[in-house]
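Heavy-atom basis, side chains included; hydrogens, waters and symmetry copies ignored. The chain is numbered in sequence order, starting from 1.
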Amino acid sequence: MIPVCGPEGPIRVTTDSREAPPAVRAVLFDFSGTLFQIGTYADRIRAALARPVDDAAMDVLLSGLEAGLSDPEVVVAQRARDVSAKAHRHAFTTWYASVPELAPVAELLYEQLKAPEHWVPYTDSESTLIQLRRDGVAMGVVSDVGWDLRATFAHRGLDRYFSSWTHSFEFETEKPDPLLFQHACGELGVDPAETLMVGDHPAKDGGAVSAGLRAYVLPAGAAPGEVRGLDAVLRLVGDDSS
């Protein structure tokens, strides 16, 4: 504390801006692109079509999906897609169906999206969760999603690490709405200032800061089954806990 004095004594007391933040007592994780990634589109498309698709033909289908992201009908369907299970399904099936060859299996591709077996944890996901639990850190999931994720985590044995599940579709809103982060903190019994949000979207996950949390945004680019770089979370929590 630094006193600021005038002729008659202290005028005000200022706080040193270098004062350490409170220790991290809880970590909230995003789902897709943070702890898990879905299997490749090529594998899913071959399974959905139930027939051989050579690489050249697959490239055409994948290019069609990329082009579909700019289709006006698809663009409209993506707006507020995570506020309800119905909107989520509509957004994805509309996108899949923008490729004529995939239109007959659009619903099947969506069911794949929800199927636990198609989601693969990053290789450092469980080791990170194990260490956080050992350190006594509470954990929750906060995800923009259209279905309940507990079965997906349970399929890989990772559900046991989490005490809170916040799915956007159950609240009819999306990140970065402070409601989602505040709900998770409330369920874990921690103050937002003691909580770190970890995700892969600068605006959505980084927006947790507006709710009083700290945030760490992972760089993009990790493929299913690769190392995600979650050791950075352990360093952040360790630094704040020291």
Side-chain angles (χ1 to χ4, degrees), residues 15 17-36 80-85 88 121-122 124-154 156-219 228-242:
T15 301
S17 62
R18 296 169 296 178
E19 184 175 339
V24 173
R25 294 180 53 216
V27 177
L28 305 178
F29 285 97
D30 176 47
F31 167 56
S32 176
T34 299
L35 292 175
F36 284 78
R81 75 180 188 193
D82 299 310
V83 301
S84 71
H88 194 270
Y122 292 107
D124 51 345
S125 291
E126 183 165 22
S127 60
T128 300
L129 300 177
I130 289 172
Q131 188 58 54
L132 288 172
R133 171 180 274 188
R134 287 174 178 167
D135 292 342
V137 177
M139 287 174 278
V141 172
V142 179
S143 178
D144 282 348
V145 70
W147 74 95
D148 192 311
L149 294 171
R150 277 170 275 214
T152 302
F153 279 73
R156 304 291 180 173
L158 301 184
D159 58 315
R160 64 182 180 274
Y161 299 105
F162 296 93
S163 303
S164 173
W165 303 83
T166 304
H167 306 107
S168 63
F169 80 97
E170 295 177 319
F171 293 85
E172 299 183 345
T173 188
E174 298 172 316
K175 293 182 287 186
D177 189 332
L179 171 68
L180 300 175
F181 306 114
Q182 292 166 353
H183 171 80
C185 290
E187 284 207 325
L188 294 176
V190 294
D191 190 275
E194 303 171 316
T195 308
L196 174 67
M197 177 68 206
V198 179
D200 66 322
H201 195 290
K204 288 179 172 286
D205 299 309
V209 172
S210 67
L213 292 75
R214 281 165 271 184
Y216 177 68
V217 179
L218 292 155
R228 191 65 181 95
L230 293 168
D231 58 315
V233 177
L234 299 177
R235 291 196 298 272
L236 287 170
V237 171
D239 288 344
D240 286 334
S241 299
S242 60

Nearest-0.5 Å distance that lies between atom [atom1] in [X] and atom [atom2] in [Y]:
| X | Y | atom1 | atom2 | result |
| --- | --- | --- | --- | --- |
| Leu149 | Leu158 | CG | CG | 12.0 Å |
| Thr34 | Phe29 | OG1 | CZ | 8.5 Å |
| Gln131 | Tyr161 | CD | OH | 11.0 Å |
| Ser164 | Leu188 | OG | CG | 4.5 Å |
| Leu236 | Asp231 | CG | CG | 10.0 Å |
| Leu180 | His167 | CG | NE2 | 11.0 Å |

Minimum heavy-atom separation for [X] and [Y], please, with both atom names.
| X | Y | result |
| --- | --- | --- |
| Thr173 | Ser168 | O-CB, 3.0 Å |
| Leu28 | Cys185 | CD1-SG, 4.5 Å |
| Val142 | Ala184 | CG2-CB, 3.7 Å |
| Leu35 | Leu230 | CD2-CD1, 3.9 Å |
| Phe31 | Ser143 | CB-OG, 3.6 Å |
| Gly146 | Ala85 | O-CB, 3.5 Å |

Kindly list each side-chain donor-acceptor pair under 3.5 angstrom involving residues 191-202, sequence neighbours excluded, with atom names and distances?
residue, atom, partner, partner atom, Å
Asp191, OD1, Ala193, N, 2.8
Glu194, OE1, Arg25, NH1, 3.0
Glu194, OE1, Asp191, N, 3.1
Thr195, OG1, Asp191, O, 3.0
His201, ND1, Ala203, N, 3.2
His201, ND1, Lys204, N, 3.0

4.5 Å side-chain heavy-atom contact, [X] and [Y]:
| X | Y | result |
| --- | --- | --- |
| Arg214 | Pro21 | yes |
| Val141 | Thr166 | no |
| Tyr122 | Thr128 | no |
| Val137 | Val237 | yes |

Determine, step by step, whether Glu126 and Arg160 satisfy the salt bridge (charged side-chain N to carboxylate O under 4.0 Å, His left out) criterion, reporting the C-alpha distance in whole Å, the side-chain angles of both residues, the deciding distance to 0.1 Å, and the verdict.
CA-CA 11 Å; Glu126 183 165 22; Arg160 64 182 180 274; 3.2 Å; yes
Only pairs at least two apart or in different chains count here, so list each salt bridge (Lys or Arg N to Asp or Glu O under 4.0 Å) that has a residue in residues 165-177.
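Checked against salt bridge (Lys or Arg N to Asp or Glu O under 4.0 Å) - neighbours excluded - the pairs reaching residues 165-177 are Asp30-Lys175, Lys175-Asp205.
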What do you reckon, are the aromatic ring centroids of Phe169 and His88 less than 6.0 Å apart?
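Ring centres of His88 and Phe169 not closer than 6.0 Å.
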Centroid separation under 6.0 Å, is that true for the rings of Phe36 and Phe153?
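Phe153 vs Phe36: aromatic centres under 6.0 Å.
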I'd like to know if the side chain of Asp124 reaches the main chain of Arg228, judged simply by a donor and an acceptor atom lying under 3.5 Å from each other, with no hydrogens or angles considered.
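Judged by distance alone, yes, a pair lies under 3.5 Å.
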